[in-house]
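What follows is one structure encoded as structure tokens, with my remarks underneath.
Read the numbers this way: they start at 1 and go in the same order the structure lists the ligands and their atoms. Just so you know, residue 1 is the first one in the sequence shown, and it goes up from there.
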Amino acid sequence: MTKQIVTGIIGAGRIGKLHVQNIRRIPHMKIKAVSDIQASRIKSWADSHQIEYITSDFRDLLHDPDIDAVFICSPTAAHAQMIREAAEAKKHIFCEKPVSFSLDETKEALAAVRKHGVALQVGFNRRFDPHFKKIKTIVENGEIGTPHLLKITSRDPEPPNIDYVRTSGGLFMDMSIHDFDMARYIMGSEVTEVYAKGAALVNPSFAELGDIDTAVITLTFENGAMAVIDNSRQAVYGYDQRIEVFGTKGSAAADNSRPTTVEVSTADFVMKDKPHFFFLERYKDSYEEEILRFTEAIDTNRETACTGNDGFQAERIARAAQQSHAIGMPVSIEHTEKIVF
Ligand SMILES: NC(=O)c1ccc[n+]([C@@H]2O[C@H](COP(=O)([O-])OP(=O)(O)OC[C@H]3O[C@@H](n4cnc5c(N)ncnc54)[C@H](O)[C@@H]3O)[C@@H](O)[C@H]2O)c1
């Protein structure tokens, strides 16, 4: 029988609150505590979710002997240190993406995880989306032959608030990083070269912060295949999330999913629902599935479904994209480093 896993949540913002909702639906999981630096702001929300206590200091969760695992959902800049300290406290760790903004910090955090023998899963939830998982299986089974080209369209319906943007690490590290992980996951090959172009076309505030809101990125894989990713922070018709992979025997594509499949046809138009509004709706299933897979890894003492190395490799691609955008040239990634657990 599955052992109960007692959890603590660090950071109760957009994604932390979503994980709380999902964990509460899993019978063998319990949320004991939530830590947020703005603890007073979340009091009534925490009470309504039967959370035993809230604290502004995440270390209180690490010192709590009842807590088996923590979910790190704070802004990215705090992740690496929290991972290190959670690993030292022998807590299993689910950490939101990206692991950090610095490859050295990520390596140190992953070294602590390895040293203390705890489980770490990185929150690249799109791997658990049923549509994208099916594409992965089709590619793995050789149904489309050898994959040559991957196309990912990944556009948000609206930009995040400017305070989030300020601490987000920029479009490549915050947003495209999901697509970098998806590219590695679907193609089953490491990325060796990145060529990225970007601009602030949606909102000049992005440029004022040294960021961009629109990008086109090409990737080359170790096996010679290529990918094109296009990103925008603002698609007026909703969350545009599509993938196509093309190979020697055919192609497989996942279209946008919509609240209903109803199509209205008249003499003047054919109309269907807009895509789901945003990630909370579009990737609902994937957020539930990733937590179940995390608990399985803890129970069985096996590797998690999205490892620290997956986090590290996606970050390397994001870093290369930043460099490529800055210098206007393709940037190579040497594949000598893999973090093995
Ligand atoms: N997987 C996904 O789809 C997904 C979606 C959104 C965000 N994220 C990631 O999740 C993280 C959080 O993003 P968000 O959108 O929820 O941000 P958010 O700003 O909505 O929430 C962050 C929360 O963390 C709290 N916080 C800040 N410092 C803290 C600390 N030291 N200890 C405890 N709490 C602290 C803030 O008060 C806030 O409530 C980021 O790393 C982001 O990249 C992932």
key: Atoms of ligand 1, numbered as shown, that sit under 4.0 Å from any heavy atom of Pro75   = 22 (C), 24 (O), 26 (N), 27 (C), 28 (N)
Pair Phe294 and Phe71, ring centroids less than 6.0 Å apart = yes
request  = Would you check whether Tyr164 reaches within less than 4.0 Å of ligand 1, judged by its heavy atoms?
outcome  = yes
query = With a 4.5 Å heavy-atom cut-off, do Ile83 and Val113 have their side chains touching?
reply = yes
query = For ligand 1, which atoms, with element, lie under 4.0 Å from some heavy atom of Thr76?
reply = 40 (C), 41 (O), 43 (O)
ask   = Between Asp310 and Thr307, is any side-chain donor less than 3.5 angstrom from a side-chain acceptor?
value = yes
query = Side chain, backbone, both or neither: which part of Ser168 comes within less than 4.0 Å of ligand 1 when only heavy atoms are counted?
reply = neither
task = May I ask you to check if ligand 1 and Phe279 share an N or O to N or O distance below 3.5 Å?
result = no
key: Proximal atoms of ligand 1 relative to Asn125 (non-hydrogen, under 4.0 Å)   = 1 (N), 2 (C), 3 (O)
ask   = Tell me, which protein residue and heavy-atom name are nearest atom 11 (C) of ligand 1, and how many Å apart are they?
value = Ser74 O, 3.3 Å
ask   = Going by heavy atoms in the side chains, are Val191 and Phe221 under 4.5 Å from each other?
value = yes
task = Using a 4.0 Å heavy-atom threshold (strictly under), name the region of Asp174 that reaches ligand 1: side chain, backbone, both or neither.
result = side chain
Enumerate donor-acceptor pairs with a distance under 3.5 Å from any side-chain N or O in residues 175-183 to protein atoms, sequence neighbours excluded.
{"residue": "Ser176", "atom": "OG", "partner": "Leu171", "partner atom": "O", "Å": "3.3"}
{"residue": "Ser176", "atom": "OG", "partner": "Asn231", "partner atom": "OD1", "Å": "2.9"}
{"residue": "Asp179", "atom": "OD1", "partner": "Arg126", "partner atom": "NH1", "Å": "3.2"}
{"residue": "Asp179", "atom": "OD1", "partner": "Ser154", "partner atom": "OG", "Å": "3.1"}
{"residue": "Asp179", "atom": "OD2", "partner": "Ser154", "partner atom": "OG", "Å": "3.3"}
{"residue": "Asp179", "atom": "OD2", "partner": "Asn231", "partner atom": "ND2", "Å": "2.9"}
{"residue": "Asp181", "atom": "OD1", "partner": "Arg127", "partner atom": "NE", "Å": "3.3"}
{"residue": "Asp181", "atom": "OD1", "partner": "Arg127", "partner atom": "NH2", "Å": "2.8"}
{"residue": "Asp181", "atom": "OD2", "partner": "Arg127", "partner atom": "NE", "Å": "2.8"}

request  = Could you see which bit of Arg14 sits under 4.0 Å from ligand 1, with heavy atoms only: side chain, backbone, both or neither?
outcome  = both
inquiry  = Measuring only between side-chain heavy atoms, which start at C-beta, is Val270 closer than 4.5 Å to Glu263?
reply    = yes
Under-4.0 Å salt bridge between Arg233 and Asp174 = yes
key: Stepwise side-chain contact (heavy atoms from CB on, under 4.5 Å) check, Ile54 with Ile42   = CA-CA 8 Å; Ile54 54 173; Ile42 60 161; 4.0 Å; yes
task = Report the part of Tyr287 (side chain from C-beta onward, or backbone N, CA, C, O) that has a heavy atom under 4.0 Å from ligand 1; answer both or neither where that applies.
result = side chain
task = Could you tell me whether ligand 1 has any atom less than 4.0 Å away from a heavy atom of Arg41?
result = yes
ask   = Hey, is ligand 1 close enough to Glu96 that some N/O pair sits below 3.5 Å?
value = yes
query = Without hydrogens or angle criteria, can the side chains of Ser232 and Thr214 be said to hold a donor-acceptor pair below 3.5 Å?
reply = no
ask   = Can you list the atoms of ligand 1 that are under 4.0 Å from a heavy atom of Gly123?
value = 1 (N)
ask   = Have Thr266 and Asp268 got a donor and an acceptor in their side chains that come within less than 3.5 Å?
value = no
inquiry  = Considering non-hydrogen atoms of the protein only, which is the closest contact for atom 9 (C) of ligand 1, and what is the distance?
reply    = Lys97 O, 3.6 Å
remark   = Of all protein heavy atoms, the one nearest atom 38 (C) of ligand 1 is Asp36 OD2, 3.5 Å
ask   = Side chain, backbone, both or neither: which part of His178 has a heavy atom under 4.0 Å from ligand 1?
value = side chain
request  = Record the part of Cys73 in heavy-atom contact with ligand 1 below 4.0 Å; permitted values are side chain, backbone, both and neither.
outcome  = backbone
remark   = Residue, atom and distance of the protein heavy atom nearest atom 21 (O) of ligand 1 read Gly13 CA, 3.2 Å
query = Is any side-chain heavy atom of Ile317 less than 4.5 Å from a side-chain heavy atom of Leu219?
reply = yes
inquiry  = Does Arg302, at its CZ atom, have more than 12 non-hydrogen atoms belonging to other residues, nucleotides or ligands within less than 6.0 Å?
reply    = no
remark   = Checking heavy atoms under 4.0 Å, the part of Ile15 that sits near ligand 1 is both
Pairwise side-chain contact, Lys91 with Ile67, heavy-atom cut-off 4.5 Å (strictly under) = yes
query = Among Ile42, Ile9, Ile37, whose heavy atom sits nearest atom 29 (C) of ligand 1?
reply = Ile37
task = Tell me, please: is Met82 in heavy-atom contact with ligand 1, that is, under 4.0 Å?
result = yes
request  = Using a 4.0 Å heavy-atom threshold (strictly under), name the region of Ser35 that reaches ligand 1: side chain, backbone, both or neither.
outcome  = both
task = Considering the heavy atoms of His79, write down every atom of ligand 1 situated less than 4.0 Å from one of them.
result = 41 (O)
ask   = Glu315 versus Met173: any side-chain heavy-atom pair under 4.5 Å?
value = yes
Proximal ligand 1 atoms for Gln38, defined as those under 4.0 Å from one of its heavy atoms = 37 (O)
remark   = Under 4.0 Å between heavy atoms, the region of Glu290 that gets near ligand 1 turns out to be neither
Which side-chain N or O atoms in residues 8-18 pair as donor and acceptor under 3.5 Å with protein atoms at least two apart or in another chain?
none

